[in-house]
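Model, not experiment: these values are computed from the prediction.
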Amino acid sequence: MFTYKLGEWTLEFTQEYRIVQDGTNAVVIDDERTALVLISLKSNGNICIERTYYAMICEINATEHKITFNSTEDIA
């Protein structure tokens, strides 16, 4: 598992991706330079998943502040 901290949130992925972050915004990019996830932090610390790649599924655990992302290609 590849993990990345964004504020108090932990993002988990099944493989390592490049993540570009600018303050409170982050973009997750794969090896083919496809943007898989666009995430932002709100001023109150909540996370907002702005957009995901069509094959990306996420599981949110608000208690632990953890989001697990899976690609349907990894699941199949």
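- For the side chain to side chain contact (heavy atoms under 4.5 Å, CB included) with Phe2, the lone residue among Thr14, Ile19, Leu11 that qualifies is Ile19.
- Shown here are the salt bridge (Lys or Arg N to Asp or Glu O under 4.0 Å) partners of Glu59, two or more places apart in sequence or in another chain: there are none.
- Within the 4.5 Å cutoff, no side-chain heavy atoms of Val28 are placed close to those of Tyr53.
- Met56 and Val27 fall into different hydrophobic clusters, where Ile, Leu, Val, Met, Phe, Trp and Tyr side chains are chained together by heavy-atom contacts under 4.5 Å.
- Atom OG of Ser40 sits about 12.0 Å away from atom CG of Asp22, to the nearest 0.5 Å.
- Under the 4.5 Å side-chain contact rule for hydrophobic residues, Ile29 and Leu38 share a cluster.
- With Trp9 as the partner, the side chain to side chain contact (heavy atoms under 4.5 Å, CB included) test is satisfied by one option alone out of Lys66, Glu64, His65: His65.
- With hydrophobic clusters built from ILVMFWY side chains whose heavy atoms lie under 4.5 angstrom apart, Leu6 does not share a cluster with Val20.
- Both Leu36 and Tyr4 sit in one connected hydrophobic cluster of ILVMFWY residues. Membership requires side-chain heavy atoms under 4.5 Å apart, directly or through other members.
- Met1 places a side-chain heavy atom less than 4.5 Å from the side chain of Thr68.
- For Lys5, the NZ atom sits in a packed shell: over 12 heavy atoms of surrounding residues, nucleotides or ligands are nearer than 6.0 Å.
- Put simply, the side chain of Ile49 reaches to within 4.5 Å of the side chain of Ile60, judged on heavy atoms.
- Atom CG of Asn70 sits about 9.5 Å away from atom SG of Cys58, to the nearest 0.5 Å.
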